[in-house]
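Below is one structure, written out as structure tokens; the observations come after it.
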Amino acid sequence: VVGANTAITGWDFFDTAKLLADTGFRSIEVQNLIGTLGATKGEFPGFMFDKISDEDKHRILESLKPFEHITVHLPYPEDMNYIAPDAKEAIDRLEIAMDAAEFLGAKLAVLHPQPSGADLYANWDIAIERIKDWGSIAAGKAFKIACETSMPNSIPDLVRFHKEIA
């Protein structure tokens with residue numbers, strides 16, 4: 001299955017979804033559950049699930065109807081270090097994005113094990129525990145979490161990381 005994501009810089013979310021559907025993609029990844037639905041110069045379109053109206057939620061669902069498969073990319077900005085020891089706000093934001101994944105009917109949510117600006121190695125045990133917890137939450141919402149392979153940055157560490165999560 002070949003899909004595309006909504007990471008088209010400067011585009012409106014709904015125009016992006018329509019473009020991808022019109023192009024023939026039947027799988028879509030909703031990128032970065034942050035940002036705004038409208039076109040914003042230099043940014044991917046997105047939304048913060050708890051900050052948008054019920055009407056916008058309905059419009060988003062309608063825009064995703066042409067797609068057979070929906071995935072989401074959980075947020076990972078520098079101000080959201082969800083693997084830091086004291087990260088309640090970032091964890092809350094990530095879990096709200098997981099609520100969005102459930103609402104959209106996603107079967108998969110992609111997670112960066114190391115958000116931008118964070119140090120996975122310094123927070124290894126915390127990251128392992130939290131990702132296990134999020135995997136349990138995701139299972140209860142009928143989707144799975146997939147960790148991107150950008151970190152850890154060595155094959156042995158990547159294998160160890162995934163074995164410790166499993």
Side-chain angles (χ1 to χ4, degrees), residues 1-11 13 16 20 25 27-37 40-52 60 64 67 69-166:
V1 176
V2 176
N5 74 28
T6 57
I8 301 177
T9 302
W11 276 55
F13 180 86
T16 300
L20 298 178
F25 288 105
S27 297
I28 188 169
E29 178 184 63
V30 177
Q31 174 75 14
N32 276 5
L33 296 174
I34 58 172
T36 62
L37 289 167
T40 305
K41 185 178 181 180
E43 294 184 18
F44 299 151
F47 56 90
M48 295 181 79
F49 188 65
D50 61 330
K51 306 270 190 250
I52 60 173
I60 291 166
L64 298 177
F67 301 97
H69 306 281
I70 299 168
T71 66
V72 300
H73 200 304
L74 297 171
Y76 54 91
E78 287 188 24
D79 69 339
M80 197 174 152
N81 184 357
Y82 42 76
I83 63 169
D86 182 22
K88 180 173 177 6
E89 183 179 330
I91 290 168
D92 289 347
R93 284 176 62 193
L94 187 109
E95 291 180 359
I96 289 167
M98 291 174 67
D99 291 341
E102 177 184 32
F103 177 80
L104 298 176
K107 298 300 176 204
L108 187 70
V110 177
L111 173 73
H112 282 235
Q114 173 179 297
S116 299
D119 184 347
L120 176 62
Y121 291 98
N123 296 299
W124 187 275
D125 292 337
I126 293 169
I128 297 292
E129 197 58 40
R130 289 193 182 147
I131 292 169
K132 285 180 179 182
D133 290 344
W134 294 326
S136 296
I137 291 168
K141 296 177 180 291
F143 67 89
K144 294 180 181 183
I145 290 184
C147 290
E148 276 211 7
T149 57
S150 57
M151 284 302 287
N153 57 11
S154 76
I155 298 299
D157 287 346
L158 184 64
V159 170
R160 183 178 128 227
F161 185 77
H162 285 274
K163 282 183 177 180
E164 288 183 31
I165 292 171

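For the single chain, residues carry numbers from 1 onward in sequence order.
- Closest approach of Ile83 and Pro113 over heavy atoms only: CG2-O, 3.7 Å.
- Side chains of Val30 and Leu64 form a contact here, defined as non-hydrogen atoms less than 4.5 Å apart.
- Of the charged side-chain nitrogens involved, at least one lies within less than 4.0 Å of a carboxylate oxygen, so that Asp99 and Lys141 count as a salt-bridged pair.
- Atoms CZ and CG, from Phe143 and Leu104 in turn, are 10.0 Å apart once rounded to the nearest 0.5 Å.
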Leu120 vs Asp157, side chain to side chain contact (heavy atoms under 4.5 Å, CB included): CA-CA, chis, key distance, verdict: CA-CA 11 Å; Leu120 176 62; Asp157 287 346; over 6 Å; no

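- Atom CG of Asn81 and atom CD1 of Ile126 lie 9.0 Å apart (nearest 0.5 Å).
- Note on ring orientation: taking the six-membered ring where Trp is involved, the planes of Trp124 and Tyr121 are parallel (angle under 30°, cut-offs 30° and 60°).
- Residue Ile145 holds its CD1 atom at 9.0 Å from CG of Leu108, rounded to the nearest 0.5 Å.
- Residues Ile91 and Trp134 have side chains in contact (heavy-atom distance under 4.5 Å, counting atoms from C-beta outward).
- Between Phe47 and Phe13, the ring planes lie perpendicular to each other; the angle is over 60°, past the 30° to 60° tilted range.
- Remark: side-chain polar atoms of Arg93 are not paired, donor with acceptor, to backbone N or O of Met48 under 3.5 angstrom.
- More than 12 heavy-atom neighbours from other residues, nucleotides or ligands sit within 6.0 angstrom of CD on Glu148.
- Side-chain atoms of Glu164 and Lys132, non-hydrogen and from C-beta on, never get closer than 4.5 Å to each other.
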Side chain to side chain contact (heavy atoms under 4.5 Å, CB included) between Tyr82 and Leu111, worked out: CA-CA 11 Å; Tyr82 42 76; Leu111 173 73; 3.5 Å; yes

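- In terms of heavy atoms, Pro152 sits closest to Leu158 at CD-CD1, 3.6 Å.
- You'll find the side chain of Phe44 stays beyond 4.5 Å of the side chain of Thr16, heavy atoms only.
- Minimum heavy-atom separation, Thr40 to Thr36: OG1-OG1, 2.9 Å.
- One finds the CZ atom of Phe103 at 14.5 Å from the CD1 atom of Ile96 (value rounded to the nearest 0.5 Å).
- Between Met80 and Pro75, the shortest heavy-atom contact is CE-CG, 3.6 Å.
- Annotation for Pro45 and Ile8: closest pair CD-O, 3.4 Å, computed over non-hydrogen atoms.
- Across all non-hydrogen atoms, the minimal contact from Cys147 to His162 is CB-CE1, 3.6 Å.
- Between Ser27 and Thr71 there is no side-chain heavy-atom pair separated by less than 4.5 Å.
- Annotation: side chain of Ile137 is in contact with side chain of Glu95 (closest heavy-atom distance under 4.5 Å).
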For a side chain to side chain contact (heavy atoms under 4.5 Å, CB included) check, start with the C-alpha distance between Leu94 and Met98, then their side-chain angles and the critical distance, and finish with the verdict. CA-CA 6 Å; Leu94 187 109; Met98 291 174 67; 4.1 Å; yes

